[in-house]
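Since the model is a prediction, treat every value here as computed from it, not as a measurement. Throughout, a chain's letter reflects where its sequence line sits, starting with A, and its residues are numbered from 1.
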There are 2 protein chains.
Amino acid sequence: MLGYQKNIAASQLRTGRVKVVGVLVPSLVDTFFAALVSDLEEMAEADGYQVLVATSGDDAAREAAQLDALLGWKPSGLIAVPCTNAIPEALRREMATLPIVLVDRIGEEDLPVDTVVVDNHAAGREAARHVLEMGHREILVAASVAGLRPIADRIRGIIDACHAEAVTPRIAELGTDVEDGAARMAACLAREGHPTAVIAMTNVTTLATLTALAQSGIDVPGDVSLVGFDDYAWMTARKTPLSAVRQPISNIAQSAWSCLMARIGGSRDEPVRLTLDAPLQRRNSVCAPRTVPGAA
Amino acid sequence: MLGYQKNIAASQLRTGRVKVVGVLVPSLVDTFFAALVSDLEEMAEADGYQVLVATSGDDAAREAAQLDALLGWKPSGLIAVPCTNAIPEALRREMATLPIVLVDRIGEEDLPVDTVVVDNHAAGREAARHVLEMGHREILVAASVAGLRPIADRIRGIIDACHAEAVTPRIAELGTDVEDGAARMAACLAREGHPTAVIAMTNVTTLATLTALAQSGIDVPGDVSLVGFDDYAWMTARKTPLSAVRQPISNIAQSAWSCLMARIGGSRDEPVRLTLDAPLQRRNSVCAPRTVPGAA
DNA sequence: ACTACTTGGTAAAACGTTTATCCATTCGCC
DNA sequence: GGCGAATGGATAAACGTTTTACCAAGTAGT
């Protein structure tokens, strides 16, 4: 019944440091980031750290503002998912002095900080190969923002795989909002007719595609096959569970966290560049196209 | 190019206050809470506040610890979704001095703080009436934790509605984890046979039910009708979009935020008790049961 | 028993900001 | 032109913790 708790501000003012790490993500509504933050928070708590969460809403200006706010707390470290390929100036400035781990969206190489990413090229390639093997030749890629590094990498992986079979995938840009994306997808479908397979590049575009497909009365996988991205409960809560590329979220979180802890612990090693595998989960949303293309 | 940013700790030490509010939720993986936090964060930013997020993981001990950590920052206010009906001691202690708004899970009446909840009884009643009207008499309620106040209220609403038609719903407790819940639901289905309609009490139990149903090859709404809870993109991204009780998340967030701002602004009014409506979204997952019971 | 060393506990300084006080300067006004 | 008031800049004190310094008392070793 002591009821005493120390004043963190006073403590941090005196010592200059404080057991807090900032976490900056584009959005908490996107389950990918929510899960990431959740995992990080759990590990932080286990290590006696407090997490300061900030979201950029995929807006560079807000990102910069949030970053400043975060930095004002003088955290012992920072884990960030930048919202564009460009590293915010404030972040770049801190790289020299503050332990920082960049995750998922890394636009440039040779950054002087640890990075944890997914092998997006391989992920795209595997997804494409899967639908290719099933005989699909009319493939539509549902991208969020094609310019974003991870998306671009996934698309390149798809294109590389398709190239080997002499097929050229179409690419639709759906944005980061489900409803808006569904509308764009529906428009695309109406305009150009539907392909035999869709590969979605994020969980949001997967949702958008599914919505558009459902609204247009197009059956999955009867009319079009679908490979999703990310792996969530709702994907398997359906009559035909979705095949999808599963991003190893807890691995990502763990890796990022241990990198950060090592840096905070004083490690001055070379920056580590982790690339994690995102394996394809084969389920039932991909099957042979209805009109099998005649043999060559 | 000033590059200066004030030391928040020093500032807060001097003034005793700081533009920060703590937000405590059970989980960020549950989209309901993630969306809530996201909305709150947005409003906080607009008002120049920083949000400190903490999750309790539905564990009372962790909740208490997180609460202490939060309080250590001497925030100007607190928005909390308690993880049980019991208010943590630390919270109760602060109620006298710190602006606090309690959301969603309010176990007791007459708390000396503002509260924002959903009219759970009405929500349950409407959901039940809907399936009742369609002719269903064998109803299964998929609850998470029946003892939790909002869940209990929803169940009472359902029971009250059913009572008027002289039907007694079955109740299954599925917990707060999707996979686990799916297993329990599957067991329940196998043991007792399936009802003609399921009413799920949270988005997690909706997911669990759907998963169990899909795995058992039971068609929605062909074999069993389903009313879900909460309203997310994945619910409409299906061939038969889900009927569901839609919780007004942004309303909840807004109300909670403005209550808190008023208190921080110095309001000493009577505690406000907001009860928001959660309307039923009728879509296509409820239809008449296959074997219509003969007229009375 | 005296010295050297350890231990414990108290006192004081420092962190960076904010607020209040004070003094000097300027301005307006009679 | 002189006086009161207003303005502005500089100075100091305070917030609560941590760290260092210091002193006293106690312990062990010679």
Side-chain angles (χ1 to χ4, degrees), chain A residues 1-24 44-54 64-78 88-100 260-261 263-267, chain B residues 1-24 44-54 64-78 88-100 260-261 263-267:
Chain A
M1 145 89 65
L2 54 157
Y4 163 83
Q5 62 190 15
K6 77 172 168 198
N7 184 322
I8 300 185
S11 162
Q12 106 95 310
L13 174 59
R14 178 56 182 90
T15 59
R17 61 208 124 80
V18 61
K19 290 194 111 182
V20 165
V21 314
V23 171
L24 180 66
E45 202 203 349
D47 287 351
Y49 280 77
Q50 183 102 354
V51 172
L52 229 41
V53 185
Q66 295 282 47
L67 210 47
D68 271 343
L70 238 36
L71 259 13
W73 293 97
K74 308 278 179 228
S76 2
L78 210 57
E89 200 43 52
L91 201 53
R92 198 179 290 278
R93 195 192 324 127
E94 295 292 330
M95 283 183 182
T97 74
L98 188 67
I100 294 179
L260 192 69
M261 283 302 108
R263 292 291 169 198
I264 292 180
S267 159
Chain B
M1 140 90 67
L2 55 158
Y4 164 83
Q5 63 189 15
K6 76 173 168 198
N7 184 323
I8 300 185
S11 163
Q12 107 96 306
L13 174 60
R14 178 58 181 90
T15 60
R17 62 207 123 81
V18 61
K19 291 194 106 180
V20 165
V21 316
V23 172
L24 180 65
E45 203 203 349
D47 286 350
Y49 280 77
Q50 184 102 354
V51 171
L52 230 40
V53 185
Q66 295 282 47
L67 210 47
D68 271 343
L70 237 36
L71 258 14
W73 294 96
K74 308 279 180 223
S76 2
L78 209 57
E89 201 42 52
L91 200 52
R92 198 178 290 277
R93 197 192 322 129
E94 296 293 330
M95 282 185 183
T97 72
L98 188 66
I100 294 180
L260 192 69
M261 283 300 109
R263 290 293 167 197
I264 292 180
S267 159

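Here the CZ atom belonging to B:Arg93 is positioned 11.5 Å from the CG atom belonging to B:Leu98, to the nearest 0.5 angstrom.
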Open item on the list: Between A:Leu78 and A:Glu94, is the side-chain contact (heavy atoms from CB on, under 4.5 Å) condition met? List the steps.
Closed with: CA-CA 10 Å; A:Leu78 210 57; A:Glu94 295 292 330; 5.9 Å; no
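The minimum heavy-atom distance linking A:Trp73 with A:Gln12 is given by the pair O-NE2, 2.9 Å. Across B:Asp68 and B:Ala90, no two heavy atoms sit closer than the pair OD1-CB, 4.1 Å. When every heavy atom of A:Gln5 is checked against every heavy atom of B:Gly72, the shortest pair comes out as NE2-N, 3.8 Å. Of all the heavy atoms in A:Val51 and A:Ala44, the pair that sits closest is CG2-CB, 3.4 Å.
Read 5' to 3', the first and last nucleotides of DNA chain C with an atom closer than 4.0 Å to a heavy atom of chain B are C:dG16 to C:dT19.
Fit an axis to the five pairs at each end of the helix from C:dA1-D:dT30 to C:dC30-D:dG1 and the two axes sit 40° apart, to the nearest 10 degrees.
Contacts of residues 8-17 of chain A with DNA chain C (heavy atom under 4.0 Å): A:Leu13, A:Arg14.
Looking at residues two or more places apart in sequence or on another chain, you find a side-chain hydrogen bond (donor to acceptor under 3.5 Å, both in side chains) between B:Glu45 and A:Arg62. With sequence neighbours left out, the side-chain contact (heavy atoms from CB on, under 4.5 Å) criterion links A:Ala10 to A:Asn7, B:Leu13. Under the side-chain contact (heavy atoms from CB on, under 4.5 Å) criterion, B:Ala54 pairs with A:Glu41, B:Leu24, B:Gln66, B:Leu70, sequence neighbours left out.
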N/O donor-acceptor pairs under 3.5 Å from side chains in residues 14-23 of chain A, not counting sequence neighbours:
{"from": "A:Thr15", "atom 1": "OG1", "to": "A:Ser11", "atom 2": "O", "distance (Å)": "2.9"}
{"from": "A:Thr15", "atom 1": "OG1", "to": "A:Arg17", "atom 2": "N", "distance (Å)": "3.4"}
{"from": "A:Thr15", "atom 1": "OG1", "to": "A:Arg17", "atom 2": "O", "distance (Å)": "2.8"}
{"from": "A:Lys19", "atom 1": "NZ", "to": "A:Asp47", "atom 2": "O", "distance (Å)": "3.3"}

